[in-house]
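Each ligand, and each atom within it, is numbered from 1 in the order the structure gives. Atom set for the values below is all heavy atoms of this structure, side chains included, hydrogens, waters and symmetry mates excluded.
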Amino acid sequence: MKLLDKFTATTAIRDALQRDGVSPTAIVIDQILSPTEALINGRRTLLVGTNNYLGLTFDPDCIEAGRTALTRSGTGTTGSRMANGTYLEHCLLEQELAAFFGYPHGMVFSTGYAANLGCLAALLGPGDAVLLDGDAHASLYDGCRMTGAEIYRFKHNDADSLRKRMRRLGAQANRTLIVVEGLYSVLGDIAPLADFASVRDEFGACLFVDEAHSFGVFGNKGGGLAEQLGLLDRVDFIVGTFSKSLGSIGGFCVSRHDELPLFRYASRPYIFTASPCPSVIATTRAALRQIGARPQLRTQLWRNAQRLHEGLTAQGFTLGAAASPVIAVRMGERDAALHFWQRLLAAGVYTNLMLPPATPDGGSLVRCSVTAAHTDAQIDTVLQAFRAAAAQSVTATS
Ligand code: PMP
């Protein structure tokens, strides 16, 4: 087999997705109009699959902060912090993130993916053991794998399964890392974080929580699930992304441990990549201020989540979890999901199609994510589009 022959299988996957019309992997947004609308294929389309939870991508303060930084500090840093130097604003954002959680330390990465790789690379090495939730994001899995640590996956969101695995580790248990998320982005379900913290305490392990989808979404201040549950002093490392509630791009880790700043010397995904550019840092800082100052964004987000969840439940759809800003609709077979997703798009509603193996239990999903910027009328349009697409499914199969 020649090197490029392996792409024959990839071509077949791509062609299967394109076979019956618009492919979910080939969507081009001609123009983004607002946090909730875009032009797609020349049509004004309602966006319900952006993870733009607080709708801050068009916030005037964030845009102005980015514009000012662009003019003042240029388009990019052109290199990594270790080699080319840290900008003062990187440090300020790190301090502001740490202060947001009431922790002493913060560290900024170029993406959330890099934050996970970077922190896990610093924490783990050959001979260490990591206990990873069965549905953990690819970046957590990849991060664990690249360290050479022994990976033990426990049953998703199951503290008993974690405890059992921990027991089997015997004396090694008190030097393990437990890796979980807050809000899971495929089904929209939420980690039993207090139970995981109890296992952590019981065995003297460390707890690492990826709050990519929960930062800005949970907590009085918007700090995430650990903040909401009062667990900030029983979690060891919190990582997150700038690409969801904060509306930009980048990642972070915050911690109460004085070892966090040492990650800078032990983390290749931090050392060998360019640092976030000035405009990104500035918009992120502005968004962080908004999250702190405008709790009403979170109230509106949850109101919208409830409205969509209730509406879809009333229509008889089977949903992935209780109401949260991620609402996954179970579609059964792969083709049924693809066609349903295409019908929604044809009706001017953009959602996310999730197919196995990217789904936890092998089923296919049409996933929505709501934002604080959606209006009631927009949520009702989404509900109407689901109703119409379901009616078409019935016609198509009868
Ligand atoms: N962690 C989780 C749980 C995620 O869902 C994602 C991205 N969707 C990431 C990390 C990576 O974040 P980023 O897109 O900033 O690389």
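- In this view, Phe386 and Phe317, Phe340 satisfy the ring-ring contact (aromatic ring centres under 6.0 Å, His included) rule, not counting sequence neighbours.
- Looking only at distances, no side-chain donor or acceptor of Asp135 sits under 3.5 Å from a matching main-chain atom of His156.
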Nitrogen or oxygen contacts under 3.5 Å, ligand 1 side and protein side:
{"unit_1": "ligand 1", "atom_1": "1 (N)", "unit_2": "Asp210", "atom_2": "OD2", "d": "2.6"}
{"unit_1": "ligand 1", "atom_1": "5 (O)", "unit_2": "His213", "atom_2": "NE2", "d": "2.7"}
{"unit_1": "ligand 1", "atom_1": "8 (N)", "unit_2": "Lys244", "atom_2": "NZ", "d": "3.0"}
{"unit_1": "ligand 1", "atom_1": "14 (O)", "unit_2": "Ser243", "atom_2": "OG", "d": "3.4"}
{"unit_1": "ligand 1", "atom_1": "15 (O)", "unit_2": "Gly112", "atom_2": "N", "d": "2.8"}
{"unit_1": "ligand 1", "atom_1": "15 (O)", "unit_2": "Thr241", "atom_2": "OG1", "d": "2.6"}
{"unit_1": "ligand 1", "atom_1": "15 (O)", "unit_2": "Ser243", "atom_2": "OG", "d": "3.3"}
{"unit_1": "ligand 1", "atom_1": "16 (O)", "unit_2": "Gly112", "atom_2": "N", "d": "3.2"}
{"unit_1": "ligand 1", "atom_1": "16 (O)", "unit_2": "Tyr113", "atom_2": "N", "d": "2.8"}

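- The ring-ring contact (aromatic ring centres under 6.0 Å, His included) search around Phe237 returns His257, Phe263, not counting sequence neighbours.
- Because its NZ or CZ atom is both nearer than 6.0 Å to the ring centre of Phe100 and within 45° of the ring axis, Lys221 counts as a cation-pi partner of that residue.
- Applying the side-chain hydrogen bond (donor to acceptor under 3.5 Å, both in side chains) rule to Asp195 yields no partners; only residues at least two apart in sequence or on another chain are considered.
- In this structure, Phe218 has its ring center under 6.0 Å from that of Trp302.
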